[in-house]
Asks: 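The structure that follows is given in the form of structure tokens.
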Amino acid sequence: MKNICVLGLGYIGLPTSALLANKGYKVYGVDIVKSTVDTINCGKIHIVEPELDTFVKSAVNSGNLVASLTPSKADIFIIAVPTPFHDGYIPNIDYIISATKSIVPYLEEGNMIILESTSPVGTTDKIENILKENKVDTSKLFISHCPERVLPGQIMRELVENDRIVGGTTDKATQKTVEFYRTFVSGEVIATDARTAEMSKLTENSFRDVNIAFANELSILCDKFNIDVWELIRLANRHPRVNILQPGAGVGGHCIAVDPWFIVHAGGDDAKIIRTAREVNSYKTQWVIEKIKNRALEFENKNDKKAIIACMGLAFKPNIDDLRESPALYITQSLISDNLNILAVEPNITNFNEFEIIDYKEAINKADIIVFLVAHKEFKELKVKTDLDFCGVLNV
Ligand SMILES: NC(=O)c1ccc[n+]([C@@H]2O[C@H](COP(=O)([O-])OP(=O)(O)OC[C@H]3O[C@@H](n4cnc5c(N)ncnc54)[C@H](O)[C@@H]3O)[C@@H](O)[C@H]2O)c1
């Protein structure tokens with residue numbers, strides 16, 4: 001039986017640890033947050049993800065999953081720590097660097113180190129360099145990147161079923177890492193080199209971003225030309241080789257809104273489309289804010305009172321409670337800070353520390369202006385008319 005040490009027990013590291021522990025591996029889960037470690041050691045979870053509670057409970061009860069604040073000796077080390085950006089969209093790999101340094105005292109000949117965090121090209125090589133600087137003989141280790149591509153809400157299934165890309169710093173590292181993933185992945189595990197594996201994950205998210213930017217740009221143009229963008233896209237998609245995505249209030253989440261910047265930062269002026277897509281998607285959010293403000297002003301001029309505006313949805317995409325990098329949240333915050341009279345609605349969240357969240361039906365009844373920002377399923381059944389439907393919930 002192999003021992004595995006997983007660094008980072010968040011949305012990726014905890015499901016991975018629990019899955020591996022249920023497959024019979026002995027897993028040492030490591031996190032720097034004590035409350036996270038304590039919660040997991042009680043067989044409980046600190047994040048929302050379907051089925052994860054059952055996996056963690058049985059993993060901890062079997063003794064195969066133990067969480068700790070410090071790493072342990074193991075055969076395989078998996079790094080699943082955050083990779084955000086610094087100000088100015090500069091990739092922040094500080095968490096990877098500190099996780100790498102933290103395992104130095106525990107490394108032994110033949111160990112495998114796998115970076116799962118979404119990372120700028122060259123990060124896996126950097127891990128090797130950091131180890132060398134810390135006097136580790138890396139010729140006896142197998143270092144690889146295996147990016148994660150699960151969809152929140154379906155993580156436990158996708159961890160097993162998705163195809164995986166594995167790229168090592170050497171062919172032997174790639175081969176050994178592929179063999180490991182084949183022990184628990186039913187999708188294909190495909191071998192490449194470390195840099196291609198890193199770029200592959202960034203490319204997947206940039207592809208989505210560029211295609212959403214096309215839809216968002218169309219939505220702005222259609223508004224100018226007085227054309228219904230939802231009908232336009234439906235019609236254009238009747239072409240057998242056209243598949244335009246849906247526009248929205250921008251692009252959010254901690255992946256698609258973040259990872260393309262890793263390419264732009266390294267690619268400079270050669271990353272033209274990828275940078276422009278980021279800018280178009282951010283501009284769409286500002287455009288939505290201006291649209292709402294103009295409508296509020298028109299209402300005020302006509303009625304001699306301030307409009308009550310219902311902002312429908314705060315999450316970064318439909319039917320989840322995740323607010324990370326959410327354009328809908330940003331729009332609502334901007335309108336509130338500009339002193340507009342806002343009723344904030346998010347059916348997937350009951351309490352929010354910044355402002356009150358109210359029931360969606362109550363908001364509809366009270367509002368003078370209704371703005372749809374996220375196409376949550378609850379909104380689809382509402383019989384309201386508004387042309388400020390930025391997510392197509394009434395049209396698609
Ligand atoms: N969440 C997703 O859906 C998803 C999907 C694909 C890829 N990813 C990528 O996976 C990586 C992890 O994302 P996540 O969503 O799990 O992040 P997360 O913030 O949910 O979890 C990361 C955890 O790492 C811990 N941590 C930070 N530094 C550490 C250290 N030195 N040692 C041990 N633990 C440490 C944090 O306390 C946190 O609990 C990121 O690169 C992300 O882009 C995430």
Side-chain angles (χ1 to χ4, degrees), residues 4-19 27-41 44-50 52 56 66-72 74 77-85 91-106 113-121 123-124 126-127 130 145-159 162-165 197-198 200-209 252-263 315-317 320-326:
I4 303 177
C5 179
V6 178
L7 294 114
L9 296 173
Y11 283 93
I12 297 301
L14 182 56
T16 304
S17 301
L19 178 72
V27 181
Y28 306 101
V30 181
D31 206 285
I32 50 172
V33 178
K34 186 169 183 306
S35 58
T36 299
V37 167
D38 292 344
T39 306
I40 294 165
N41 281 334
K44 302 215 166 79
I45 57 175
H46 64 295
I47 50 177
V48 179
E49 178 60 33
L52 179 61
V56 169
V66 178
S68 167
L69 287 166
T70 48
S72 296
F77 292 83
I78 297 177
I79 300 177
V81 295
T83 42
F85 47 57
N92 174 355
I93 60 162
D94 294 353
Y95 297 98
I96 294 178
I97 294 172
S98 87
T100 304
K101 287 181 178 165
S102 75
I103 60 173
V104 166
Y106 305 93
I113 301 168
I114 304 165
L115 173 65
E116 285 213 358
S117 303
T118 305
S119 302
V121 174
T123 309
T124 314
K126 189 150 198 146
I127 288 179
I130 291 165
H145 180 48
C146 179
E148 188 49 77
R149 33 160 77 136
V150 287
L151 181 70
Q154 312 213 10
I155 293 181
M156 296 320 297
R157 185 178 60 76
E158 290 206 354
L159 271 179
N162 285 356
D163 292 346
R164 298 298 291 262
I165 310 289
E198 289 159 348
S200 152
K201 170 70 189 178
L202 302 181
T203 300
E204 291 159 24
N205 286 347
S206 299
F207 175 87
R208 301 280 298 159
D209 201 41
H254 62 300
C255 288
I256 299 181
V258 174
D259 304 342
W261 287 116
F262 294 3
I263 296 181
F316 84 79
K317 64 177 182 179
I320 58 165
D321 64 351
D322 195 339
L323 300 178
R324 287 181 287 181
E325 310 290 329
S326 169

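Hydrogens, waters and symmetry mates are skipped; everything else that's a heavy atom, side chains included, is used. Just so we're clear, the structure is a prediction, and the values are computed from it rather than from any experiment. Just follow the structure's listing: the first ligand is 1, and inside any ligand the first atom is 1.
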Asks: Report yes if some N/O of Cys255 lies less than 3.5 Å from some N/O of ligand 1; otherwise report no.
Replies: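 N/O-N/O distance under 3.5 Å: no.
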Asks: Grab the two heavy atoms, one from Lys44 and one from Val56, that are nearest each other, plus how far apart they are.
Replies: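 So the minimum-distance heavy-atom pair works out to O-CG1, 3.8 Å.
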Asks: To which protein heavy atom is atom 13 (O) of ligand 1 closest, and what is the distance rounded to 0.1 Å?
Replies: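 Result: Ile12 CG1, 4.0 Å.
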Asks: Any N or O on Asp259 sitting closer than 3.5 Å to an N or O of ligand 1?
Replies: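 Among all N and O atoms of Asp259, none is under 3.5 Å from an N or O of ligand 1.
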Asks: Please check if the side chain of Arg149 supplies one atom and the backbone of Asp163 the other of a donor-acceptor pair under 3.5 Å.
Replies: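 Yes, the answer is positive, given that a donor and an acceptor are paired below the 3.5 Å cut-off.
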Asks: How close do Glu49 and Gly153 get, heavy atom to heavy atom, and via which atoms?
Replies: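 For Glu49 and Gly153, the tightest heavy-atom pair comes out as OE1-N, 2.8 Å.
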Asks: Short N/O distance, under 3.5 Å, between Tyr11 and ligand 1?
Replies: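 Right, the criterion is met.
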Asks: Could you tell me whether the side chains of Glu198 and Thr124 share a donor-acceptor contact shorter than 3.5 Å?
Replies: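 A pair is found: one side chain offers a donor N or O, the other an acceptor, under 3.5 Å apart.
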Asks: Does Ile32 have a heavy atom less than 4.0 Å from any atom of ligand 1?
Replies: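 It does; at least one heavy atom falls under 4.0 Å.
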Asks: Using heavy-atom distances, let me know which of Gly29, Ser117, Pro82 sits nearest atom 22 (C) of ligand 1.
Replies: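 It is Pro82 that holds the nearest heavy atom.
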Asks: Could you work out, for atom 11 (C) of ligand 1, the closest of Leu14, Thr70, Thr100, Val81 by heavy-atom distance?
Replies: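 The nearest heavy atom belongs to Val81.
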Asks: With a 4.5 Å cut-off on side-chain heavy atoms, are Pro71 and Leu7 touching?
Replies: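 Result yes, sub-4.5 Å side-chain heavy-atom pair found.
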